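What you see is a predicted model, and the numbers here were worked out from it, not measured in a lab. Lettering of chains follows the sequences in order, A, B, ..., and the numbering in each one begins at 1.
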Amino acid sequence: MITITLPDGAQKQFETPTVTPLQIAASIGPRLAKDAVGAMVNGELTDLSTPIPADARVGIVTAKPEDSNAVYLLRHSTAHVMAEAIMRLYPQAKLAYGPPVEDGFYYDIELATPIREEDFPRIEAEMANIVAENRAFTRYELSQAQAMAKLQQAGNPYKVDNAQRALAQDPDAAISFYATGEPGKNWEDLCRGPHLPSTGRIGAFKVTSVAGAYWHGDASQQQLQRVYGKAFFTKAQMDAHLTQMEEAKKRDHRLIGKQMGLFTISPLVGSGLILWMPKGGILRQELEDFMRQQLALRGYSAVYTPHIGNINLYKTSGHYPYYKDSQFPTIKMKERDSGDESEYLLKPMNCPHHIQIYSAQPRSYRDLPIRLAEFGTVYRFEQSGELNGMTRVRGFTQDDAHLFCTPEQVEAELRSTVEMVQVVFQTLGFSEYQCRVSLRDPASDKYAGDPALWDRAEATLRKIVREVGIASQEAVGEAAFYGPKLDFLVKDVIGRQWQLGTVQLDYVLPERFELEYIGTDNHPHRPVMIHRAPFGSMERFTGILIEHFAGSFPTWLAPVQARVLSISEKFVDYARQAAAELTAAGVRVELDAGDEKIGAKIRRAREEKIPYMLVVGGKEQETGAVAVRTRKDQDLGAMPSAEFISRITAEIRNRSL
RNA sequence: GCCGACGUAGCUCAAUGGCAGAGCAACGGUUUUGUAAACCGUAGGUUGCGAGUUCGACUCUCGCCGUCGGCUCCA
């Protein structure tokens with residue numbers, strides 16, 4: 001007898017030697033049996049048909065889009081269906097690996113002929129046939145010897161490799177195959193599973209794109225074709241997803257940046273180099289002013305350093321050997337007098353320059369902490385395929401600062417920098433964020449410095465995160481070569497995650513540059529460095545802000561904060577006067593004195609995402625008022641222009657969202 | 001850097017081997033307007049760049065540049 005415990009604690013008993021989740025579901029109700037697509041058995045996702053041999057806790061997984069297990073089964077199964085369709089169309093293809101991924105799935109295949117977008121309809125048509133046939137996903141297991149023999153015979157090195165890797169993880173693992181239908185009769189694939197009960201449960205699917213991908217993500221390995229797809233239980237869910245994708249596309253900072261005249265990129269200047277246009281310049285200036293205010297509150301000193309530096313600086317810091325390949329080529333020159341050859345680098349980082357400011361004079365413990373801040377522009381030669389609008393560029397400005405402090409001061413300084421990052425996020429409306437504690441990979445030799453110092457630094461970061469109480473996760477191998485760091489990941493309004501600010505703890509560079517301060521004991525000591533950049537890069541941050549706000553920036557950031565719209569030519573003088581009052585109050589205002597009708601002017605202002613539209617005509621002129629309307633389509637009605645001015649200036653001053 | 005796609009007026013897009021076009025924007029004129037697009041007209045092009053095939057190339061082929069989707073990378 002088998003006792004099954006359901007999620008609500010209820011127990012059911014079965015007299016049979018084994019029981020399947022489907023039987024359990026049926027015993028609860030026919031509706032549940034119909035909706036069931038899989039099961040959680042003792043915390044593990046299984047097929048609906050997997051026999052349960054002993055007492056177990058079982059939850060039935062039903063076809064709900066919000067259930068990640070259900071969605072996993074759906075996507076994984078659709079990947080199989082797509083693989084079968086591709087094998088029908090391209091019998092010479094070799095399948096490699098086809099997992100579910102966030103909101104879809106892909107399958108990597110080796111195939112000499114490229115699959116192109118125009119081939120997608122054929123693949124989808126084959127898939128539709130397989131789905132219509134509603135064949136059961138049927139699992140069977142072979143002994144290792146049989147399985148390996150079968151795979152060897154099939155002549156697919158990737159599948160052999162997959163099986164070997166599975167065995168390397170668990171030598172006792174049974175090797176499972178899934179037939180889409182009947183084993184021996186229908187198409188089948190080496191697969192760990194689990195799957196939906198049958199192909200008919202796939203409600204809607206779409207082949208979305210194809211791209212190159214390396215086997216095991218290793219650029220020295222065979223390049224495969226990765227075909228991406230999406231799957232949903234119902235067509236309505238698919239449609240909702242497509243609508244959301246379109247919305248996301250409308251927020252694309254490259255598109256909005258162009259429409260709103262924020263920035264441009266010219267091939268004549270070079271790819272990955274951002275040209276900030278006047279309206280983007282306002283955005284950046286506001287962000288920088290905000291940051292300067294924060295810096296002043298926290299005892300930072302502004303410094304300025306040049307855009308290039310002698311290569312020896314970076315050899316000393318250790319950056320050069322690590323990042324040789326991602327730097328612009330060096331500038332070589334001969335000294336006029338000595339004839340010596342010098343080499344300069346466009347600076348890839350600001351820290352070595354700031355370090356020279358620190359070491360330009362003797363430092364006492366009384367001077368510390370020293371906090372040197374600079375909007376420092378750096379250049380990194382990113383691979384051409386990596387460039388993306390403002391978010392991945394070759395020249396960018398960091399809101400950088402380096403803190404030099406005593407070991408005793410480290411924690412307080414870290415706390416203060418983390419708090420500053422939080423202020424930044426809060427001010428800009430990123431309410432959902434978490435912190436990644438990026439640690440070294442003990443197995444790798446790319447990290448510089450004493451392991452004991454690393455342990456200490458990592459422990460300190462963990463402690464700070466715990467104290468501050470930010471949601472966090474640890475990531476081994478994500479540290480910088482000179483120290484562990486906290487990377488801040490924010491979610492924007494449509495749920496996409498971005499990496500923004502960073503706080504890095506560094507015991508290595510002070511060592512390399514032999515930095516010192518004189519302590520209370522009158523002896524030299526080594527300071528500790530903290531690198532931090534709350535925005536990260538002005539370019540990247542601005543790009544993300546554009547998408548976060550979809551161009552509708554809060555008033556304090558908006559390039560144009562208000563526009564006065566005149567009803568007709570007769571009121572242009574009054575409109576001009578109203579605009580002048582706003583300008584005098586420090587508001588960025590424009591005047592639309594054109595001869596279109598008011599509807600057209602409103603439409604245009606809304607399209608330009610201007611926060612406030614001030615309609616002025618005869619009524620307003622008589623009473624010294626403006627009729628206020630917002631881009632959100634709120635009509636605030638007419639008010640004295642002085643009232644509007646105090647209202648908007650307060651909003652700007654408070655940096656209201 | 002690698003795989004694939006794309007590149008036509010300022011913007012969005014037509015024209016599939018046979019005279020490069022539309023809408024919006026711009027400019028000129030008419031209109032003087034009350035809350036999401038007034039009307040008429042004008043101008044705008046080395047079809048990314050360069051070669052090749054062809055009687056003829058936006059269209060086919062090759063190279064380069066750039067962009068996009070991925071992969072790899074990311075101090």
Within the structure shown, what part of the strands sits under 4.0 Å from A:Ala605 by heavy-atom distance: base, sugar-phosphate, or nothing?
nothing
NA contact type, A:Glu478, heavy-atom cut-off 4.0 Å: base, sugar-phosphate, or nothing?
nothing
Fit a plane to each ring of A:Trp215 and A:Tyr158, take the angle between them on a 0 to 90° scale, and name the class: parallel (under 30°), tilted (30 to 60°) or perpendicular (over 60°).
perpendicular
Does a side-chain N or O from A:Arg116 land closer than 4.0 Å to OP1 or OP2 of B:A5, or not?
yes
How close or far is atom P of B:U12 from atom CD1 of A:Ile256, stated in whole angstroms?
14 Å
Which base, if any, makes a Watson-Crick or G-U wobble pair with B:U31, both distances under 3.5 Å?
none
Quick one: which of B:C73, B:A38, B:C11 gets closest to the side chain of A:Gln383?
B:C73
What is the distance, rounded to the nearest whole Å, between atom NZ of A:Lys601 and atom P of B:A37?
14 Å
Contact class for A:Pro348 (heavy atom, under 4.0 Å): base, sugar-phosphate, or nothing?
base
In terms of side-chain heavy atoms of A:Glu382, which of B:C73, B:G34, B:A37 is nearest?
B:C73
At 4.0 Å (heavy atoms only), tell me whether A:Leu224 reaches a base, stays on the sugar-phosphate, or touches nothing.
nothing
Can you tell me which nucleotide in B:A38, B:G34, B:G1 comes closest to the side chain of A:Tyr214?
B:G1
As its Watson-Crick or G-U partner within any shown strand, both distances under 3.5 Å, B:C6 has B:G66
Between C1' on B:C73 and CZ on A:Arg394, what's the gap in Å once rounded to a whole number?
13 Å
Identify whether any heavy atom of A:Gly618 sits under 4.0 Å from a base atom; if not, whether one sits that close to sugar-phosphate; answer base, sugar-phosphate or nothing.
base
Taking the nucleotide of RNA chain B with the closest heavy atom to each, which residue, A:Gln223 or A:Arg629, is nearer the 5' end?
A:Gln223
Could you check whether A:Gln398 gets within reach of a base, just the sugar-phosphate, or nothing at all, counting any heavy atom under 4.0 Å?
nothing
Base, sugar-phosphate or nothing for A:Tyr228? Non-hydrogen atoms, less than 4.0 Å.
sugar-phosphate
Over 60° means perpendicular and under 30° means parallel, so classify the ring planes of A:Phe481 and A:Tyr322, tilted if in between.
parallel
When all nucleic acid strands are considered with a 4.0 Å heavy-atom cut-off, which category describes A:Arg392: base, sugar-phosphate, or nothing?
base
Please report, rounded to the nearest Å, how far the P atom of B:C11 is from the CD atom of A:Gln259.
12 Å
Looking at the side chain of A:Ala211, which of B:G34, B:G4, B:C3 is the nearest nucleotide?
B:C3
Ring-plane angle category for A:His253 and A:Phe263, please: parallel below 30°, perpendicular beyond 60°, tilted otherwise.
parallel
Both distances under 3.5 Å, Watson-Crick or G-U wobble: report the partner of B:A14, or none.
none
N/O (side chain, A:Asn388) to phosphate O (OP1/OP2, B:G69) under 4.0 Å
yes
Could you tell me how far apart A:Asp633 (CG) and B:U35 (C1') are, to the nearest whole angstrom?
9 Å
Base, sugar-phosphate, or nothing for A:Gly217, non-hydrogen atoms under 4.0 angstrom?
sugar-phosphate
Which of the following nucleotides, B:C68, B:G70, B:A38, is nearest to the side chain of A:Ala600?
B:A38
When rounded to whole Å, the CG to C1' distance for the pair A:Leu111 and B:G4 reads 13 Å
Watson-Crick or G-U wobble partner for B:A57, using a 3.5 Å limit on both distances?
none
If I pick the C1' atom on B:U32 and the same atom on B:G10, what distance separates them, to the nearest angstrom?
29 Å
Has A:Lys570 got a side-chain N or O lying under 4.0 Å from the OP1 or OP2 atom of B:U33?
yes
So A:Tyr358 and A:Phe404, would you call those rings parallel, tilted or perpendicular, with 30° and 60° as cut-offs?
parallel
Give the rounded distance in Å between these two atoms: CZ of A:Arg380 and P of B:C73.
17 Å
Any chance the rings of A:Tyr433 and A:Phe488 have centres within less than 6.0 Å?
no
Over 60° means perpendicular and under 30° means parallel, so tell me whether A:His307 and A:Tyr379 are parallel, tilted or perpendicular.
tilted
For B:A26, give its Watson-Crick or G-U wobble partner with both distances under 3.5 Å, or none.
B:U42
Now, which nucleotide makes the Watson-Crick or G-U wobble pair with B:C19, with each of the two distances under 3.5 Å?
none
May I ask you to decide if the ring planes of A:His76 and A:His80 are parallel, tilted or perpendicular, using 30° and 60° as cut-offs?
perpendicular
Base, sugar-phosphate or nothing for A:Lys619? Non-hydrogen atoms, less than 4.0 Å.
base
Taken to the nearest whole Å, CD/A:Glu607 to P/B:G10 is 20 Å
A:Ile567 side-chain proximity, nearest of B:C11, B:G69, B:U33:
B:U33
Would you mind pulling out the nucleotide paired to B:U47, Watson-Crick or G-U wobble, both distances under 3.5 Å?
none
Under 4.0 Å from OP1 or OP2 of B:G66: is there any side-chain N or O of A:Ser271 that close?
yes
Here's a test of your reading of the structure: between A:Ser384 and A:His319, which maps to the more 5' nucleotide of RNA chain B?
A:Ser384
At under 4.0 Å between heavy atoms, what does A:Gly389 touch on the DNA or RNA strands: base, sugar-phosphate, or nothing?
sugar-phosphate
Does the ring of A:Tyr482 lie flat against the base of B:A75, closer than 5.5 Å centre to centre with planes under 30°?
no
Could you tell me how far B:C55 sits from B:G17 if I compare only their C1' atoms? Round to whole Å.
12 Å
Hey, is A:Arg603 close enough to A:Glu607 for a salt bridge, meaning N to O under 4.0 Å?
yes
